[in-house]
Structures are given as structure tokens and as C-alpha cells.
**Student:** 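Here's a structure for you.
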Number of protein chains: 2
Amino acid sequence: MSRTTLKDIAEKVGVSVTAVSRALSGYPDISEETRNRIFRIAEELNYQPNIAARTLVTQKSGVLGLFVLGREKGEGFSHPFSGQVINGFLDGLVEQGYDMMVFKANRPPDSGSSSYIDLCRRRMVEGAFLMGLRTDDPWITDLKSSSIPIVTMDMPLAGEMTFSVGCDNVSAVHAAVRHLADLGHTRISIVNGYTQASVSLERFEGYRSALDDLGLPFDPSLVAEADFTVAGGKEAFLTMIDRTPDITAVFAASDLMALGVLEGARELGLRVPKDLSVVGFDNIDMASMSSPPLTTLDQPRYELGRTAAKILISACNGDTPPSRVLLKANLIVRGSTSERNKGKSAKGVVRQAR
Amino acid sequence: MSRTTLKDIAEKVGVSVTAVSRALSGYPDISEETRNRIFRIAEELNYQPNIAARTLVTQKSGVLGLFVLGREKGEGFSHPFSGQVINGFLDGLVEQGYDMMVFKANRPPDSGSSSYIDLCRRRMVEGAFLMGLRTDDPWITDLKSSSIPIVTMDMPLAGEMTFSVGCDNVSAVHAAVRHLADLGHTRISIVNGYTQASVSLERFEGYRSALDDLGLPFDPSLVAEADFTVAGGKEAFLTMIDRTPDITAVFAASDLMALGVLEGARELGLRVPKDLSVVGFDNIDMASMSSPPLTTLDQPRYELGRTAAKILISACNGDTPPSRVLLKANLIVRGSTSERNKGKSAKGVVRQAR
DNA sequence: CTGTTAGCGCCTTCAA
DNA sequence: TTGAAGGCGCTAACAG
């Protein structure tokens, strides 16, 4: 393991351990000469500080925690959305000299599992970033009263030491619906995510307010709910279009669900965008590669992760960062949306396909 | 931070710190009664052991390291391949009571950066799993002589403490080429990855040996090399098909490149699979969602990660796991491959498209 | 069964 | 500018 210690260096140089510690930590109160000798020997011995020891005395580990919740199939690390967020988070924290520890947290917690906070305390983790937290998480109250800073993705928690990053979902969806309306669509449906994700509420609000602003009537039967997956999106779409075949546009609250809608439309013989316009959310890599490529709302994933790191570190340093940071999600228009086709209604196609 | 300590419990219970330590660590030499008292108080105080302190004395951190190399755009965490591997690795190690620390390693290393091993030593990391290591990595020799166990993905290292997991690329590609040949294809090209990935060599070998076994001539002009990305795959394919328009099938060494081939084919007006059959490698989520869905070689990603954890931990315990574990990649036949179309050659289509 | 002693490697007063 | 002493929280002998 960590062979060389301060003591080894001290002996070889002929000074005290204290002197070596101070020299290596960059304190000024050490003579130029001995400092150089110390550095030379340290280098020679390939000295690496034992951070466990340092942590023990300073009470700071230099570690930030990452919780990627909901790691079932297709979620968590393997979700096309997470990767870039994690990249951003990691880059942001390494830049400030921190390291990252990743925790697995089962949901629902099995009998023996500890709260996120407890997991952090054992390792003296200084702050944590939680992705994929749901409103029905059993540890929510625990998080709110945390004494170490917590940054959540997409879900504000209203605690002393809790912060959140996310996109301005309301205005983003608003823009998407407006885009659809501008193309002449009036029967615009929404395939939303499940209610336990707080983004779902915000996205619905964006949808709802856009309709109002645009003078379009709200029809509850144009609202479907799915689980953010391809299969779920497809199913929700098929059920809905069967009920209300006059839909000419759908906003899906995630690209995966939008891809599901595309699949469903294909099965029904509906041509996208000719017979049906589709807008997604996230701009995952896949979005530009489907046929047709997806019009979607681009979330600045890398930047979201980076921001989380920045907030966390600033809170660790005793500063008081904003408790909520909202980045903008930009509408990217691709091939899955177009002018409403007035000649032919999806109605006929659907009926015929059945 | 970690408020409650063994001392707190000891005082409250009226025993020595040692007794508490032993009770909590599950040693048998403690009376049933005091043990119970200790547990009760520990629970009451929500005691969490300070692992830094424990690490310092036991010289074992209970931490395994993960290096996700090549984190440029579209690589590393955001690569569609990595997620499930990481899920598997994390699950495997948590099951054994370990935690995971993720390190960022720039490539090429900037002046101040440390070797992977040094990074581990500072944190007393007991073993590490490296994904995305390339043959030209500057720290290869360092890794080979590592004193802590190292598991690499896809790249055997021939060191005392180095192990590797991966798929049997040779036989996998062999099967893919045979599949194509069975469909009547004789002009089968390969869009391989770059040479710095050791899988590329193995996949080429599989291609080469399959041709031999099938009695098909090897034509160097049917071999292209790209960077594992969609854009790279597309470009390599377009260049190649322009040179040798009689190709009727292509094996791409990654799904992303295969998707690029699909894109290129579409641009040329080549219909897949009618005019051109395409096989990918990896079976990433996207593979089943392209049109047509991709015939590909499925790598058991989750299992690969899990295996890495298993090997690492067994090596940490002083056992000697196999230095190389090869899992099988299974051919999944989907819509991108079909019988060779003898009537119409791609030749004409290509010429005409230019 | 239980307590005492002695560090793990490092940082931080406090003196010199 | 340097060194000695003490302690972070825990575990591991060694006694009793």
C-alpha cells in the first residue's frame, strides 16, 4: 500500500515530521533550502499522502458523493441522460481537488439499508448529489434536515442545506407547445412522466399554461402518463390515440417516450411528421438518430452536472449558493415536427389500422 | 459530521471503548447482555463508524476504484456501452461490502497528473477497474507492475496483479461473418475500430479467420478503420463503398459505427437490408430502435461489470482468480441483415448516387 | 469476558 | 525557521 510516509521522508532528510508536513502542504514558514530537499526526497520516494490519516485529523475527506437512484433496467447509469451529467459533475469536482464516491441505494430500501446521509457520514463525505430522486422517496425528510450539503437533480427540497439544479421545465414545455401550435396544431397531446418525478408536474404546468396562452382548450383526454421509457411511451400513445384519433401532435416528456410514440405511430401506419408531429425532451444522443430525427428540448446535461458540483463545493466552503439553479432547455427543431396536414386526418388512418 | 463515536457509546454504557468496538464488530467474546446494551445505545445514538479511522489502522479502505477513460464527448460515462457495465460492477462490489470511488484520468496526462496507481494509493483504494484503456496509454507499465489488483476491460496486461474481463471477440465476429455468409454474401467488409483498442485486433482476427474457414478470399480493400463513433463509421463506410461498390454486407465493430453505416447507406439510397446487410457489435439500447433494427453481437454488459468486481475482490482477499475471463457475445439477428439480393447490385445504386 | 496500552499517518497548537 | 507533544477514531495485541 501507501509505503512512504512523512516519517520516512523526515528521517532521510534529517528533519522532523512536522517540518515535512508543513513543507509539503505549502506553508511559508520553512526555509527555501530544506523545502527543496524535502520535495526532492518526496519525489524520489514517490510519496503519496495517506488521505485517510489526513481525513481523520482535519475532519474533511475531500470526497463528494453521487447517488444514482432508480438503477433498474434502463435507469441510472445506463440511462442515456445520466452520462453527461455525471461527466460534468466529475469534472467540476476534480477541478476543485475533490474525489467522487458513488453509492448504491436500493429503492425501496431493504431492511438493513441506511439513509443517504448515514452512508455519507461513515465515509465523512462532505456533500452529495442525488439523481433520480422521487417525491415518494422514504428518505426525503432525512435529506431535508441534512447537515451536509445536498444537491438534488430536478427536485427542490426546501431544507437548510439542500439545493437543486434542473431545467426550467415550465418555460421549456411552453416553447415546445407553442412550436406545435405555430405549425397549426390544435389537438396537442402530452405523454407525461409519472407523478413521482417532480419534473412531471412542472412539465404539465408548462403544457397547461401554453394552451391557455395560445387560446387552445384543455382536454383531459389528451393527457397520458407513462414511465419515461420507450415501451411506456408507446403504450400510452397507442391507448390515447385510440380514444382520441384526432390528435395531430404529441409532446412527450422524454425522448425515450417520444421514441416510443414514433414506434407506435409507425405501427399504426401514421407518418411522422406528415400525419403526426412529435416533440421529445432531453435531446439524448439517440434523438438525432431516429427516423425522423426528433424535435426536442435540449437539456444542458454536462452543465447541469457541473453546476451541481459547483454548488456543492461552495456550500461545503460555508458559502450560501442559491438554493435552486434553473438552466434553460432549448428547443431543437428536427424532422419530427411539421405543419399540420389538413387534408388528411389521423383519424382515418387509425380507424383503418384497427 | 460523524458525531457519535465509540467513546460516546462506551461512556453511556459504562464499558471500555474496546468492548464497544468488539461488540459492534461482531466478536464473540462479549457477554450477551453488554452486547445488547451496546447495540441499543448505538442505535439510539445513530452511531456510524468513522471509516477513515478504521482504514488507518486496518490498512484496508473497503474501496474499489473505477477509471472510466476516454471521457471525451460521447465516450466514458456517456457512452451507451458503459452504463450497464458500471451497474454490474457497482452491484457486485456493494454486495461484498465495498464502496466505489470514481477517478477522473485525463488522457494524455497533463503534467501534474498521477498514475492510476498513485491515485489509488492516496485513498488506500484496494483495487481498480479500468474501462476504455488503450494500448498506447502512458501508464501501462505502471499498471503491469501494480501491487494492488487491477482489472481491465477488454485489455489483458500480463502483470502479476492484473486481470481482464471481456468478450470472446474472435469467435463472436466469426459467428457474425458466418451469419452473413450463410445469407449468401461473399463481399463482406469490416468497419473496424482503431488499432489502439485491443478489441480491434481480436475482431479483425475473427473476421479474417471466418473468411478462411468459409473459403472466402480476403480483400484488404474491404477493411476500413474508424473511431467507434457514428460519424466515423459513416465516413469510413462511404469511402469504402465508393472504392468497392460491390460490397453487399458490412460488419461494423460497434453498434455506433453500424448506425453510421445505416446513415451512409440511407444517403446513398441503399436499402438495408435489401441492398446491404449490416451487423453491429455491442447490442446497445439504440440497436433495437434503429430502422431497421440492428443485427448485432450482444455483449453481456452487466455481467462483465459484475465479473470485474468479483475478480477484484477475490484478488483483494489473496485468492488468485483467472487472469482473463472471456464471456460469450451472442448474435442477435434483427432486421438489418437478409439474403443477398442477387438481382440488383449495390454497384449501380452507388454509381448513380454519385 | 473485559480493560489497558499502543499505535495507524497526519495536522496543529505551542515552545524553542 | 524548526521540533515536541497531543490527538483525530478506531482496532489489535496483551493482560487480567
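In the text below, chain A, chain B and the rest are named by the order of the sequence lines, each starting its count at 1.
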**Student:** Find the distance A/R121:CZ to D/dG9:C1' and express it as a whole number of Å.
**Tutor:**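 Taking atom C1' of D/dG9 as the reference, CZ of A/R121 is at 14 Å.
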
**Student:** Between B/T307, B/N87, B/D91, which is the residue that forms a side chain to side chain donor-acceptor pair (under 3.5 Å) with B/Y302?
**Tutor:** B/D91

**Student:** Of the nucleotides C/dG9, C/dT12, D/dA12, which one has an atom closest to the side chain of B/L56?
**Tutor:** C/dG9

**Student:** Take atom CZ of B/R3 and atom C1' of D/dG9, then tell me their distance rounded to the nearest Å.
**Tutor:** 11 Å

**Student:** Choosing from D/dC10, C/dG9, D/dT1, which nucleotide comes nearest the side chain of B/T5?
**Tutor:**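 So the nucleotide nearest the side chain must be D/dC10.
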
**Student:** So, does B/Y47 get its side chain near the phosphate of D/dC10, meaning an N or O under 4.0 Å from OP1 or OP2?
**Tutor:**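 Answer is yes, contact under 4.0 Å.
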
**Student:** Aromatic rings B/W139 and B/Y116: how do their planes relate, parallel, tilted or perpendicular, breaks at 30° and 60°?
**Tutor:**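 Perpendicular: the ring planes of B/W139 and B/Y116 meet at over 60°.
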
**Student:** Specify the angle, to 10°, made by the local axes at the two ends of the helix from C/dC1-D/dG16 to C/dA16-D/dT1 when five pairs are taken at each end.
**Tutor:**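 The angle separating the two end axes equals 40°.
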
**Student:** Round to the nearest Å and state the distance from A/R54 atom CZ to D/dG9 atom C1'.
**Tutor:** 18 Å

**Student:** Can you tell me if the side-chain N/O atoms of A/Y27 get under 4.0 Å from OP1 or OP2 in C/dT12?
**Tutor:** yes

**Student:** OP1 or OP2 of D/dG9 less than 4.0 angstrom from a side-chain nitrogen or oxygen of A/Q59, does that happen here?
**Tutor:**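 So the side-chain polar atoms of A/Q59 do come within 4.0 Å of the phosphate oxygens OP1 or OP2 of D/dG9, strictly under.
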
**Student:** Please tell me which of the listed nucleotides, C/dG7, D/dT2, C/dC10, lies nearest to the side chain of A/A53?
**Tutor:** C/dC10

**Student:** Using a 4.0 Å heavy-atom cut-off across all strands, classify B/T18 as base, sugar-phosphate, or nothing.
**Tutor:** base

**Student:** Would you classify A/V17 as touching base, sugar-phosphate or nothing, given that sugar-phosphate means primed atoms plus P, OP1 and OP2, and contacts are heavy atoms under 4.0 Å?
**Tutor:**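 No contact.
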
**Student:** Taking atom C1' of C/dC10 as reference, at what distance in whole Å does atom CD1 of A/I51 sit?
**Tutor:**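 Value for this atom pair: 11 Å.
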
**Student:** Under 4.0 Å between any heavy atoms, over every strand shown, what does B/T55 touch: base, sugar-phosphate, or nothing? Just pick one.
**Tutor:**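 Since no nucleic acid heavy atom lies under 4.0 Å of B/T55, the category is nothing.
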
**Student:** Measure from the side-chain heavy atoms of A/R22 and tell me the nearest of C/dT13, D/dA13, C/dG9.
**Tutor:** C/dT13

**Student:** What is the minimum heavy-atom distance between A/Q299 and A/L304, and which atoms define it?
**Tutor:**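 The answer is OE1-CD1, 3.7 Å.
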
**Student:** Check the distance between C/dA15's C1' and A/D29's CG and give it to me in whole angstrom.
**Tutor:**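 Rounded to whole Å, this separation is 14 Å.
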
**Student:** Just by distance, do the side chain of A/S145 and the backbone of A/D142 share a donor-acceptor pair under 3.5 Å?
**Tutor:** yes

**Student:** In whole angstroms, how far is the P atom of D/dG3 from the NZ atom of A/K7?
**Tutor:** 15 Å

**Student:** Taking side chain to side chain contact (heavy atoms under 4.5 Å, CB included) as the criterion, tell me which of A/I150, A/T152, A/I311, A/V85 meets it with A/F129.
**Tutor:**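 Checked A/I150, A/T152, A/I311, A/V85 against A/F129; only one passes side chain to side chain contact (heavy atoms under 4.5 Å, CB included): A/V85.
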
**Student:** Between A/T58 and B/T34, just flag the one whose closest nucleotide in DNA chain C comes earlier from the 5' side.
**Tutor:**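 Result of the comparison: B/T34.
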
**Student:** Cut-off 3.5 Å, side chains only: do A/D118 and B/Q48 have a donor facing an acceptor?
**Tutor:**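 Note: A/D118 and B/Q48 side chains meet the donor-acceptor criterion.
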
**Student:** Between C/dG3, D/dG3, C/dC10, which nucleotide has the shortest distance from any of its atoms to the side chain of A/A19?
**Tutor:** D/dG3

**Student:** Taking 4.0 Å as the cut-off, does a side-chain nitrogen or oxygen of B/S21 come that near to OP1 or OP2 on D/dT11?
**Tutor:** yes

**Student:** Please determine, for the side chain of A/L6, which listed nucleotide (C/dC10, D/dT2, D/dG9) has the closest atom?
**Tutor:** C/dC10

**Student:** Out of B/V199, B/V165, B/I140, B/D137, which one pairs with B/M155 under the side chain to side chain contact (heavy atoms under 4.5 Å, CB included) rule?
**Tutor:** B/I140

**Student:** Could you tell me the separation between the CD1 atom of B/I38 and the C1' atom of C/dT2, rounded to a whole number of Å?
**Tutor:** 10 Å

**Student:** State whether the number of non-hydrogen atoms from other residues, nucleotides or ligands found under 6.0 Å of B/Q196 atom CD is greater than 12.
**Tutor:** yes

**Student:** Quickly work out the B/M124 CE to D/dT11 C1' distance and round it to whole Å.
**Tutor:** 13 Å

